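One structure is given below, encoded as structure tokens.
Computed from a predicted model, the values in this text were never measured in an experiment. Letters go in sequence order (proteins before strands), and every chain restarts at 1.
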Amino acid sequence: AALLRVQPQPRLGAGQDVGRSCILVSIAGKNVMLDCGMHMGFNDDRRFPDFSYITQNGRLTDFLDCVIISHFHLDHCGALPYFSEMVGYDGPIYMTHPTQAICPILLEDYRKIAVDKKGEANFFTSQMIKDCMKKVVAVHLHQTVQVDDELEIKAYYAGHVLGAAMFQIKVGSESVVYTGDYNMTPDRHLGAAWIDKCRPNLLITESTYATTIRDSKRCRERDFLKKVHETVERGGKVLIPVFALGRAQELCILLETFWERMNLKVPIYFSTGLTEKANHYYKLFIPWTNQKIRKTFVQRNMFEFKHIKAFDRAFADNPGPMVVFATPGMLHAGQSLQIFRKWAGNEKNMVIMPGYCVQGTVGHKILSGQRKLEMEGRQVLEVKMQVEYMSFSAHADAKGIMQLVGQAEPESVLLVHGEAKKMEFLKQKIEQELRVSCYMPANGETVTLPTSPSIPVGISLGLLKREMAQGLLPEAKKPRLLHGTLIMKDSNFRLVSSEQALKELGLAEHQLRFTCRVHLHDTRKEQEMALRVYSHLKSVLKDHCVQHLPDGSVTVESILIQAAAPSEDPGTKVLLVSWTYQDEELGSFLTSLLKKGLPQAPS
Amino acid sequence: TPSLRKNKQQQEEIATKKLRLTKPSKSAALHIDLCKATSPADALQYLLQFARKPVEAESVEGVVRILLEHYYKENDPSVRLKIASLLGLLSKTAGFSPDCIMDDAINILQNEKSHQVLAQLLDTLLAIGTKLPENQAIQMRLVDVACKHLTDTSHGVRNKCLQLLGNLGSLEKSVTKDAEGLAARDVQKIIGDYFSDQDPRVRTAAIKAMLQLHERGLKLHQTIYNQACKLLSDDYEQVRSAAVQLIWVVSQLYPESIVPIPSSNEEIRLVDDAFGKICHMVSDGSWVVRVQAAKLLGSMEQVSSHFLEQTLDKKLMSDLRRKRTAHERAKELYSSGEFSSGRKWGDDAPKEEVDTGAVNLIESGACGAFVHGLEDEMYEVRIAAVEALCMLAQSSPSFAEKCLDFLVDMFNDEIEEVRLQSIHTMRKISNNITLREDQLDTVLAVLEDSSRDIREALHELLCCTNVSTKEGIHLALVELLKNLTKYPTDRDSIWKCLKFLGSRHPTLVLPLVPELLSTHPFFDTAEPDMDDPAYIAVLVLIFNAAKTCPTMPALFSDHTFRHYAYLRDSLSHLVPALRLPGRKLVSSAVSPSIISQEDPSQQFLQQSLERVYSLQHLDPQGAQELLEFTIRDLQRLGELQSELAGVADFSATYLRCQLLLIKALQEKLWNVAAPLYLKQSDLASAAAKQIMEETYKMEFMYSGVENKQVVIIHHMRLQAKALQLIVTARTTRGLDPLFGMCEKFLQEVDFFQRYFIADLPHLQDSFVDKLLDLMPRLMTSKPAEVVKILQTMLRQSAFLHLPLPEQIHKASATIIEPAGESDNPLRFTSGLVVALDVDATLEHVQDPQNTVKVQVLYPDGQAQMIHPKPADFRNPGPGRHRLITQVYLSHTAWTEACQVEVRLLLAYNSSARIPKCPWMEGGEVSPQVETSIEGTIPFSKPVKVYIMPKPARR
């Protein structure tokens with residue numbers, strides 16, 4: 001049996017850990033690397049996967065057949081320039097078109113922060129990002145891409161962020177599906193993940209929310225809109241700290257449509273820079289968005305915001321209500337923090353945190369109820385503005401994961417990208433309810449799965465039809481016995497009729513006959529004996545053609561029966577039964593029948 | 001008259017036996033064509049040409065023989081295929097009995113090798129079989145044929161066989177009786193075997209065939225249920241989609257059967273099990289299946305409430321701890337009196353820990369099905385889910401209560417259609433529910449929506465909503481007033497909404513009155529502006545509440561009473577009659593014993609109409625006067641009592657017709673000798689014309705008109721036509737045109753008799769009654785004589801009393817936009833097109849998509865009729881429609897800005913209404929009489945729009 005190995009390597013990542021994703025899959029002799037992420041929590045070497053582990057000093061390009069990137073989040077693609085340019089990899093890198101477009105923007109932004117702001121050395125350069133992106137091959141949804149003669153990959157829609165995809169990796173009849181991050185409920189700008197019943201040998205799925213079943217999205221949306229609306233009606237200002245891509249666009253669409261519907265005039269601003277560029281790409285990749293946007297973009301592209309304008313630093317001091325989206329999302333630096341400091345003192349204003357905040361950031365502090373913040377320079381900032389929390393997460397919850405597993409019907413499931421304790425629960429559920437074996441390797445642990453690959457055999461139509469015609473009802477899933485000759489030639493398997501096989505191989509046909517002697521106690525003459533055999537068989541085998549030949553022998557179809565008297569013992573007669581190999585079934589039946597003896601003739 | 005009718009029937013019998021025409025036969029021509037064909041392509045061309053023309057029933061058999069003859073000779077499968085399909089088409093010909101060609105069809109089937117042709121032949125057999133539903137023997141034979149070909153290797157053939165079985169498979173009872181020669185087959189078993197066919201198309205066909213059996217009244221076996229359940233996990237969506245339907249059907253047939261739950265010892269009702277399974281399909285991979293499943297859920301009313309309520313419960317958890325939904329939290333907040341408190345971090349913190357073993361992620365069946373359906377990516381699924389929720393909630397009040405939160409959430413959907421649908425749904429179930437304050441708050445927030453449809457649907461919803469607290473009423477009023485300032489055009493809709501809100505919650509409005517009227521115990525406050533729509537809105541709410549709350553008027557200040565009197569008169573449809581202390585004006589008119597307000601006016605209506613019965617016995621002068629003041633009374637009554645407006649108008653119109661007729665017959669013209677050919681008969685001919693118009697209005701502008709009224713209306717029209725004939729006879733020289741007119745008139749009489757044969761006994765002594773008595777004489781008379789007879793009969797005939805229908809409403813239309821008040825002309829370049837937005841409300845119009853047209857009249861008399869698209873009509877409530885469309889105007893250049901008139905027309909077609917007698921379909925009737933009269937009735941006030949086509953600049 002062929003083997004399928006999956007290794008989230010110790011220094012690669014994505015095992016029982018949310019942080020950096022990097023998985024190595026060996027399938028039927030092909031090595032594929034899934035995602036190439038970095039860890040946001042580290043500032044040293046640990047942030048990138050340790051690629052030397054893969055080959056132990058060999059060349060990566062020789063070892064890996066391809067690299068697949070599921071989406072543009074840095075924990076899935078952040079290490080890509082380091083991997084391809086600094087470690088050295090020249091093979092193909094596959095990703096979807098939107099990912100290809102947005103990925104370099106994010107990498108560049110990340111590089112700027114790391115090098116220009118933090119002053120790190122030994123980091124990849126802009127040129128490296130460009131060179132790396134040249135190695136990228138973009139794929140369309142549901143397009144089967146032939147990496148080489150045997151390896152093929154195919155992308156499925158995953159929701160989550162623009163351009164996120166799940167990938168099916170297939171070699172021969174063996175296949176693996178890697179989900180990346182995905183979302184099973186649609187949101188305001190993206191649809192839900194979908195996969196067909198591709199029945200892979202293994203499904204590698206993220207399990208961020210393995211122990212959560214989420215409430216309907218609608219309540220959260222409604223709450224969010226109500227909060228914003230009430231505040232601006234009171235004349236207050238609303239600050240929404242966001243990260244530039246993903247949730248930000250969803251919230252923009254949400255507010256934009258609400259403004260449109262409710263005919264509101266209060267200005268909405270978006271802090272410029274990265275986002276503008278990103279919005280441009282959102283405008284272009286309409287087929288990747290949800291039903292509503294896809295259907296209406298002919299009249300109006302939803303990402304061409306009417307009510308949302310670019311933000312200028314000076315606007316923060318303007319009187320009157322306004323809504324501002326500002327980066328970054330955890331209020332730890334930058335524009336969002338500046339605006340927060342300006343507005344925090346007024347109880348009419350409001351800040352809405354749309355996502356999770358890491359401990360130590362201003363966002364986390366205010367969410368946990370701190371009202372007095374110590375800022376740099378021993379300043380104390382009193383927070384009088386309202387603080388709201390709204391979680392808008394784009395990962396599948398436990399039910400969603402189960403749903404996807406149900407849709408794809410894999411032979412086994414492998415959980416990655418989650419916490420061990422939570423994965424344990426989901427693993428148990430998958431095994432219980434779906435009866436599918438499930439694995440959850442730790443970082444560095446290798447899972448090896450035996451597969452039973454099926455070998456395709458060609459069959460000639462004539463033979464197939466001839467054999468099919470013998471059955472009565474065509475039953476879908478019942479195995480069927482078929483006679484033919486298997487020819488193996490140039491690693492090709494063909495099933496042909498024996499006549500054709502002989503002809504092709506230039507062989508003469510040999511006849512194979514079985515003969516058998518049946519001893520019977522009988523004192524009568526041979527002729528009489530033969531006659532009795534004839535009448536007996538005639539009465540038993542009504543469907544067959546039984547003949548008594550002039551030379552004294554009896555034939556049943558092509559089986560010959562002769563009676564002879566051995567010289568040594570006159571009391572026994574010997575019946576010689578002879579049949580060809582093809583008639584084996586009938587022949588053996590006849591022998592056993594004759595061995596039971598002949599019925600007593602009525603004398 | 002009976003003798004006459006008999007006579008006519010005899011005539012017809014003779015007529016039908018007439019003769020068989022021997023035209024150059026179709027079959028011969030076809031035969032020649034086919035023989036000429038040199039190649040299969042040629043033959044195919046001839047056949048295609050042939051198929052374009054219809055074939056009469058009598059020549060079908062001949063044609064079929066020719067086709068069959070060629071079929072045997074033909075080697076090319078495509079030609080054979082075409083012939084087979086033609087056979088099917090021909091056997092469908094009306095009046096042809098295909099049993100004679102069945103043997104041949106079955107014969108050729110046996111020798112056919114091509115799968116495609118086989119499938120087509122089976123299709124033909126299906127056509128033959130469905131044409132002869134009574135013939136059991138044939139059905140059995142066809143079923144036999146189908147069974148034989150079921151083992152064919154081609155999916156197309158198997159498909160058709162299954163289709164045949166589904167359509168013709170015999171129903172159980174008759175099998176034992178009729179099937180002597182043929183073995184009775186268990187059709188269900190045979191079809192069921194193909195549920196596991198290797199081809200998904202065949203599997204689908206098998207399920208469809210099973211559904212077809214069900215539709216034809218065959219009771220499906222319960223064993224099918226298990227088979228169908230297996231198909232739910234099929235790889236192909238069309239199989240799953242059909243399987244969901246089949247499961248639904250079985251669950252409706254055996255709801256109370258008990259089925260075991262796999263891998264446990266428990267058992268549940270079949271309908272519950274099916275419900276769980278269909279719920280599971282709401283999260284299927286294919287949206288087609290999801291829509292199907294969501295739709296079917298709505299009609300599973302027998303499901304136990306326990307399962308039903310699960311559909312709304314997703315059993316939330318977070319990090320293995322049980323979590324409450326936002327809905328639950330909102331409810332709790334509300335009940336603890338802390339409504340509108342802000343959200344805090346950790347507010348939704350998980351509670352108790354979940355037993356990991358007990359959590360079921362997949363097989364929880366119905367769990368959260370609607371939560372998923374309402375969150376679906378495709379709006380088709382969401383709409384289906386909302387509809388299903390609506391149906392289930394209508395049958396279960398407790399479920400209605402529970403699904404409220406979810407429906408309210410849908411008010412914020414991104415697609416307007418879904419929002420609208422959920423508002424309508426909420427309205428439909430509003431009898432079962434009372435809105436909590438926080439829910440009301442969410443509902444009211446939608447009042448700011450910029451879509452007028454949404455707002456109006458919401459007003460409609462608020463009309464029938466139950467509110468639990470006085471704060472709720474106050475909130476609703478405040479939001480509605482906000483709505484009013486933001487969108488002043490919603491005025492009428494908001495007033496109406498407040499009317500119902502007030503009359504539904506008198507006790508909740510009572511404590512709010514001082515605040516709303518801003519009265520003060522000691523000080524007089526300033527009198528509010530009577531023309532302020534917001535103030536009127538408040539008053540409408542209060543007055544309607546006061547109707548059932550006698551203590552309320554005590555809180556009114558003086559000016560309130562004055563305003564009441566004014567509003568009662570100017571907006572009588574919004575302000576009810578109140579019994580106010582010390583006000584004789586209103587209170588004395590209504591005697592305390594009569595509770596209902598409608599009774600006296602109803603009585604008055606009856607009395608007025610009864611008065612008219614005596615018309616017969618009055619002299620013409622008296623009759624005219626009686627009619628005139630009765631019409632006046634009715635009109636006034638209609639204005640005062642909106643409920644009776646339809647009836648009053650309808651009767652008044654009828655009386656007006658009668659009045660016109662009497663007046664016309666009173667003319668001096670009749671006293672002058674006939675041959676004087678007077679020209680000045682304007683009044684009479686105008687009267688005839690007007691009566692015709694009025695009768696069309698009566699027939700087509702009122703909804704709820706029944707057959708007995710239609711008779712009377714047509715009778716009146718016949719009189720008008722007689723009048724027209726007489727007038728023409730007297731004013732025209734020469735007999736030729738008169739001949740034609742007479743003949744036409746007699747045909748109309750004949751027509752009238754045929755259509756309303758059942759109603760003739762009610763028309764004793766009427767014009768037509770007398771006319772029919774004299775019919776034989778009239779038929780043979782000369783025109784002059786006919787005219788003379790008609791004239792006397794018109795004068796002598798009795799006035800027919802118009803029976804009042806149960807419910808009658810006059811169609812009306814109001815154009816809201818364009819308002820017609822603008823002084824700024826709409827400028828556009830002449831020759832090009834300008835779009836004018838038209839927005840109108842239509843009341844009591846049946847089938848507006850086909851009948852309502854927009855007319856534009858240009859100053860030069862040019863008129864243009866525009867047919868709005870069906871999608872431009874919305875249906876915001878029963879009996880009401882809304883037309884929002886764009887009208888394209890264009891004209892050559894003008895020198896001055898001028899006004900064009902825009903109005904709405906009601907198009908009618910007289911043939912649409914008249915019931916067709918079955919024996920008339922043979923085509924005996926001469927075509928001229930049957931030509932339906934089409935026309936239009938203007939039914940809205942015209943609106944003037946100022947436009948200015950400018951010459952194009954060079």
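Only the side chain of B:Thr442 comes within contact range of chain A, with heavy atoms under 4.5 Å apart. When heavy atoms are compared at a cutoff of 4.5 Å, A:Arg199 approaches chain B solely by way of its side chain, counted from C-beta outward. Only the backbone of B:Asp376 comes within less than 4.5 Å of a heavy atom of chain A; no side-chain atom from C-beta onward does.
Among the candidates A:Glu230, A:Glu221, A:Glu260, A:Lys292, the residue making the largest number of heavy-atom pairs closer than 4.5 Å to chain B is A:Lys292. Interface check for chain A: of the options B:Leu447, B:Leu374, B:Val408, the most heavy-atom pairs under 4.5 Å are formed by B:Leu374. Heavy-atom pairs under 4.5 Å with chain A peak, among B:Asp284, B:Asp235, B:Ile415, B:Asp199, at B:Asp235. The choice from B:Glu414, B:Glu416, B:Lys486, B:Met378 that makes the most heavy-atom pairs within less than 4.5 Å of chain A is B:Glu414. Ranked by heavy-atom pairs under 4.5 Å with chain B, the first of A:His229, A:Met353, A:Glu409, A:Met184 is A:His229.
With B:Arg419 as reference, B:Asp449 is the one residue of B:Asp413, B:Asp409, B:Asp449 to meet the salt bridge (charged side-chain N to carboxylate O under 4.0 Å, His left out) rule.
Between A:His189 and A:Phe303, the angle of the ring planes goes over 60°, which puts this pair in the perpendicular group of the 30/60° scheme.
By the 6.0 Å and 45° rule, B:Arg455 stacks over the aromatic ring of B:Tyr487.
Contact between A:Thr179 and A:Met166 at its shortest, heavy atoms only, is O-CG, 3.4 Å.
Using a 4.5 Å heavy-atom threshold, the side chains of B:Arg290 and B:Val282 count as separate.
Taking the ring centroids of A:His142 and A:Trp194, they lie under the 6.0 Å cut-off.
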